[in-house]
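This report refers to the structure that appears directly beneath it.
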Amino acid sequence: MTFLPEELLADQIANFIGDVRHVAVGNASPIPATAALLARERGKLQGLGRPYVSLLGSAKNTFWTDGGRELFDCAGQGRIDVFFLSGGQIDGEGNINLVEIGDHAHPKVRFPGSYGSAYLYYVVPKVILFRTEHSRRTLVPRVDFISAAGRSEPNVHRTGGPVALITNRCLFTFADGRFTLVSVHPGHTVEEVIEHTGFDFERPSVVPETPAPTDETLKLMRDKVAPQLATLYPQFTAKVFEHRESALLG
Amino acid sequence: MTFLPEELLADQIANFIGDVRHVAVGNASPIPATAALLARERGKLQGLGRPYVSLLGSAKNTFWTDGGRELFDCAGQGRIDVFFLSGGQIDGEGNINLVEIGDHAHPKVRFPGSYGSAYLYYVVPKVILFRTEHSRRTLVPRVDFISAAGRSEPNVHRTGGPVALITNRCLFTFADGRFTLVSVHPGHTVEEVIEHTGFDFERPSVVPETPAPTDETLKLMRDKVAPQLATLYPQFTAKVFEHRESALLG
Amino acid sequence: MSLVQSLDEALSAITDGIMLVVPREVCGVPMAATRALIRRGVKDLHLVALPTSSMQADMLIGAGCVKTLETSAVSLGELGAAPRFTSAVLKGQVAMKDATCPALHAALQAAEKGVPFMPLRGLIGSDVLKYRDDWKVIDSPFGNSDPIVLLPAINPDVALFHAPLADEYGNVWIGRQRELVTMAHASKRTIVTVEKIEKRNLLDDPLYAAGTLPGFYVDAIAVAENGAWPLPLPDTYKADGEHLALYAKMAASEEGFREYVGKYVLAMQVA
Amino acid sequence: MSLVQSLDEALSAITDGIMLVVPREVCGVPMAATRALIRRGVKDLHLVALPTSSMQADMLIGAGCVKTLETSAVSLGELGAAPRFTSAVLKGQVAMKDATCPALHAALQAAEKGVPFMPLRGLIGSDVLKYRDDWKVIDSPFGNSDPIVLLPAINPDVALFHAPLADEYGNVWIGRQRELVTMAHASKRTIVTVEKIEKRNLLDDPLYAAGTLPGFYVDAIAVAENGAWPLPLPDTYKADGEHLALYAKMAASEEGFREYVGKYVLAMQVA
């Protein structure tokens with residue numbers, strides 16, 4: 001079957017989610033939400049009854065009844081296995097910047113702020129970084145402001161951190177403070193990834209192409225996931241799952 | 001008018017409550033509850049609309065909706081002005097013992113436990129101690145176990161503590177780590193108080209008699225307070241306010 | 001296994017030696033579950049009574065289920081001292097970790113928040129603090145030679161309580177009894193007995209949702225009608241004062257307590 | 001003065017220079033009150049947005065009401081950056097105290113509990129921590145060379161929010177939005193706007209009581225119908241997306257923002 005880039009990314013993210021108990025997805029994150037719901041549908045098919053998926057912007061898909069602190073308390077209890085973060089800048093050590101570009105005293109660009117990243121990055125076992133603009137502007141040698149650090153000293157209590165970074169061009173994994181290029185999406189090249197990445201990263205001598213979603217996965221996304229997404233992400237759902245003709249990828 | 005000892009004590013306690021915003025009364029404390037409600041009726045007469053009275057055992061007379069911690073959080077916020085505590089033992093430095101008598105490793109007597117005293121005694125500005133058995137068994141030179149200390153070193157953050165001790169025989173105030181005998185209840189004597197008190201205390205050369213409740217006060221208690229108490233303390237209300245004939249004090 | 005189980009199935013995670021947290025009398029004390037645990041003969045519990053207990057702790061201690069008791073007080077209230085508790089403490093049959101109410105609330109909140117400790121005012125100069133070598137005093141870094149107590153988080157293995165209502169998704173309506181939420185958040189597993197289970201989703205109704213512990217935190221539910229008896233269930237039923245007086249009287253002696261257990265615990269059907 | 005007041009009366013305690021805490025977008029943002037504050041021209045606020053804000057902080061900053069902003073993020077969400085916030089930060093017109101969401105929740109909980117600080121995991125190695133000289137790092141006395149951040153309590157002068165319903169005793173139904181309770185507990189005064197006031201006692205109904213902030217904590221209430229507009233009120237009404245888009249467009253420039261304020265704030269009647 002043909003598929004859209006969004007479907008490729010969601011499939012890859014769902015693979016990273018794996019078999020876990022609870023995936024939480026922040027606001028304005030339609031592709032991670034698609035991936036989380038896909039993981040849940042796969043869990044249903046295997047009779048697992050997991051993961052539990054919390055979509056933070058959705059009253060229907062969250063269980064919170066203890067106020068805004070509950071998400072963070074829940075993570076602190078070790079009850080959130082996967083979360084997603086992005087960054088105005090992301091550097092090669094996995095540091096993310098959601099605050100500003102330029103000198104702290106006189107920044108040139110201001111982003112909204114760190115949200116919960118300075119906490120969740122440290123306590124959610126699998127944080128999947130997500131940035132659809134893969135450029136030297138976003139993937140930098142060193143972030144100007146560390147909203148949350150990619151790694152910590154050994155004596156720092158840390159139960160979480162980044163495990164992967166997915167972009168519009170490729171997929172990296174993260175371990176021991178370094179990114180490793182795992183695969184390049186169809187239509188993109190390793191050279192292109194090197195050219196547009198501001199930090200050094202590991203890579204095998206032959207970098208495979210990111211595998212296309214299987215027909216089974218595409219059907220799950222389109223038939224089961226899309227209807228669940230429509231209320232929270234109507235525009236995204238319409239574009240990716242309803243009016244596909246306009247944007248097909250071979 | 002004639003009155004019962006309970007009415008005398010409640011009147012005295014109400015005077016100590018004074019003009020405050022919030023009086024909280026623990027479980028199984030009918031005389032302090034009477035005093036708190038009397039203070040509220042006096043406030044109404046003066047058009048003050050205070051104090052707010054919380055009776056902890058009563059669903060009708062508490063506002064708590066945040067679970068068992070709310071009472072203590074409320075006190076920590078400085079929103080409880082008056083509370084009442086008792087002790088299996090109370091000593092001359094204002095220490096109270098709600099835990100045990102004897103050696104800690106092998107106690108001879110065990111009380112229920114310290115409840116919230118080890119906290120509330122430190123953070124409620126006016127704690128009124130209350131012990132209807134005034135004897136050398138209860139008022140001791142030194143408590144065997146300090147559930148809560150009567151006073152603290154100057155560097156210890158402390159916004160509360162004991163201001164008075166009322167017994168079946170007399171009324172003490174507490175300041176600078178010492179009790180002072182203020183008045184002796186009708187029918188009792190200073191000598192008797194000295195004989196039955198295990199700790200030293202200050203006293204003026206002439207100790208007055210605890211003044212009888214005024215007719216106005218007795219009417220307030222009997223007409224306004226008693227009906228509010230009846231649900232929570234039916235036996236007490238019946239004994240003190242309904243079947244008074246059997247136990248009148250001249 | 002389904003979330004909704006028989007009482008004995010639901011309680012199977014309460015094994016010998018675990019740390020078990022239970023609520024105070026006004027919150028929904030799981031008395032049917034307590035009787036089932038005594039029938040099964042669970043042993044060596046580290047019982048955390050948040051922050052106090054009455055008949056439940058007294059029975060569990062009397063039946064020999066408790067190795068360590070962490071609480072602020074145990075008493076039968078107007079019926080007097082808790083006799084089995086008092087006897088066991090005086091005989092050294094139970095290890096006491098005496099606390100004060102807000103310390104237990106705060107230590108559970110520390111576990112809820114995933115932090116190693118919580119600070120608390122008060123306590124300084126008390127023997128409650130003196131005998132708790134697991135509590136620490138530091139100079140507050142925000143003060144000036146200002147000592148403050150730090151309480152280590154309490155992370156129970158299991159939270160157990162009784163509630164009026166659950167739905168088929170495991171959501172439990174707890175109303176104003178919010179320490180039950182903290183207990184569940186702080187504990188590795190949560191087991192709930194309820195008066196009834198309704199076919200609905202409590203979280204869909206904003207009025208119910210405000211007083212609901214989400215099923216996400218709940219590991220097992222068993223229906224136990226009148227499951228707090230003879231203690232009260234808030235907004236649902238009152239205490240059975242006559243039976244409580246009977247308990248106080250019988251439990252005053254070791255023999256009387258055994259007779260009580262024989263008659264009201266061992267001989268009773270599982271709810 | 002009665003607890004129920006006109007909007008301007010109720011807001012009179014929000015004077016220049018105070019510390020004001022307001023909730024995030026999904027909790028009931030007091031927008032009618034925000035417009036009234038801008039009309040009155042309040043200045044030099046230390047605004048704590050718990051833990052984030054959208055149009056409310058952007059407007060207060062654009063109108064020159066804010067001296068210090070303490071929050072984890074300000075954004076118009078799908079409509080993009082918050083333009084007046086962004087401009088003011090880049091021009092140095094507002095002093096930023098950048099935080100992270102759970103730190104603000106925890107610091108308010110510290111005030112709620114009357115403790116000087118709360119510990120929090122995470123943060124170590126971040127520039128959020130680096131630029132907060134009011135936050136301290138200690139070696140946890142329960143760890144082994146285990147650094148942990150201590151956040152000083154945030155004790156606001158006033159908590160301000162909008163809710164669906166209050167009763168004549170000042171009890172306010174807040175449903176699941178429990179951070180509103182913590183805000184009120186942590187603040188010296190609490191001012192609430194509501195859609196309506198009913199003649200009843202919310203605490204008498206266990207279903208309502210579970211989601212009620214007791215009037216004991218409330219200092220003033222004003223009725224402001226549709227008082228969160230154009231933002232949503234949970235379980236009551238949705239956001240006015242069209243108006244929000246209009247705001248985002250007009251507020252993109254200083255002049256456009258002035259025009260917006262002239263048209264939708266200054267020219268509007270007090271609710």
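Here is how names work: the chains are called A, B, and so on, in the same order as the sequence lines, proteins then strands, and each is numbered from 1.
In this structure, CZ on A/Arg110 lies 13.0 Å from OG on D/Ser87, to the nearest 0.5 angstrom. For the atom pair A/Ile146 CD1 and D/Leu123 CG, the distance stands at 12.5 Å (nearest 0.5 Å).
Of the two parts of A/Val109, only the backbone, made up of N, CA, C and O, holds a non-hydrogen atom closer than 4.5 Å to a non-hydrogen atom of chain D. For chain D, no part of A/Asn27 is nearby; none of its heavy atoms comes within less than 4.5 Å. Residue D/Ile148 does not touch chain A at all, counting heavy-atom pairs closer than 4.5 Å. With a 4.5 angstrom heavy-atom cutoff, A/Ser117 touches chain D only via backbone atoms. Only the backbone of A/Phe111 comes within contact range of chain D, with at least one heavy atom under 4.5 Å from a heavy atom of that chain. Both the backbone and the side chain of D/Arg121 come within contact range of chain A, judged by heavy atoms closer than 4.5 Å.
At a threshold of 4.5 Å between non-hydrogen side-chain atoms, the residues A/Phe145 and D/Ser126 do not count as touching. Within the 4.5 Å cutoff, the side chain of D/Leu120 has heavy atoms near those of the A/Tyr119 side chain. Between D/Thr52 and A/Tyr115, some side-chain heavy-atom pair lies under the 4.5 Å cut-off. Considering only heavy atoms from C-beta on, A/Pro112 stays 4.5 Å or farther from D/Val74 through its side chain.
In this structure, D/Ile124 and A/Val156 approach most closely via the heavy-atom pair CG2-CG2, 4.0 Å.
Residue A/Asp103 places its CG atom among more than 12 non-hydrogen atoms of other residues, nucleotides or ligands, all under 6.0 Å distant. Within 6.0 Å of CD in A/Glu133 there are more than 12 heavy atoms belonging to other residues, nucleotides or ligands.
Within residues 171-179 of chain D, the residues having any heavy atom less than 4.5 Å from a heavy atom of chain A are, in residue-number order, D/Arg176, D/Arg178, D/Glu179. Contacts with chain A (heavy atom to heavy atom, under 4.5 Å) involve these residues of residues 94-107 of chain D, listed by number: D/Met96, D/Asp98, D/Ala99, D/Thr100, D/Cys101, D/Pro102, D/His105.
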For A/Arg69 and D/Thr182, what are the C-alpha separation, side-chain angles and deciding distance, and is it a side chain to side chain donor-acceptor pair (under 3.5 Å)? CA-CA 10 Å; A/Arg69 66 175 170 256; D/Thr182 300; 2.9 Å; yes
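When each of A/Ser147, A/Ala118, A/Ala149 is scored by its heavy-atom pairs under 4.5 Å with chain D, the top score falls to A/Ala118. Taking D/Pro234, D/Ser75, D/Gly77, D/Ser145 one by one and counting their heavy-atom pairs under 4.5 Å with chain A, the maximum is reached by D/Ser145. Heavy-atom pairs under 4.5 Å with chain D peak, among A/Ser152, A/Gly67, A/Gly68, at A/Gly68. Interface summary for chain A: among D/Leu108, D/Thr86, D/Leu90, the most heavy-atom pairs under 4.5 angstrom belong to D/Leu90. Ranked by non-hydrogen atom pairs under 4.5 Å with chain D, the options A/Arg158, A/Glu153, A/Lys108 are led by A/Lys108.
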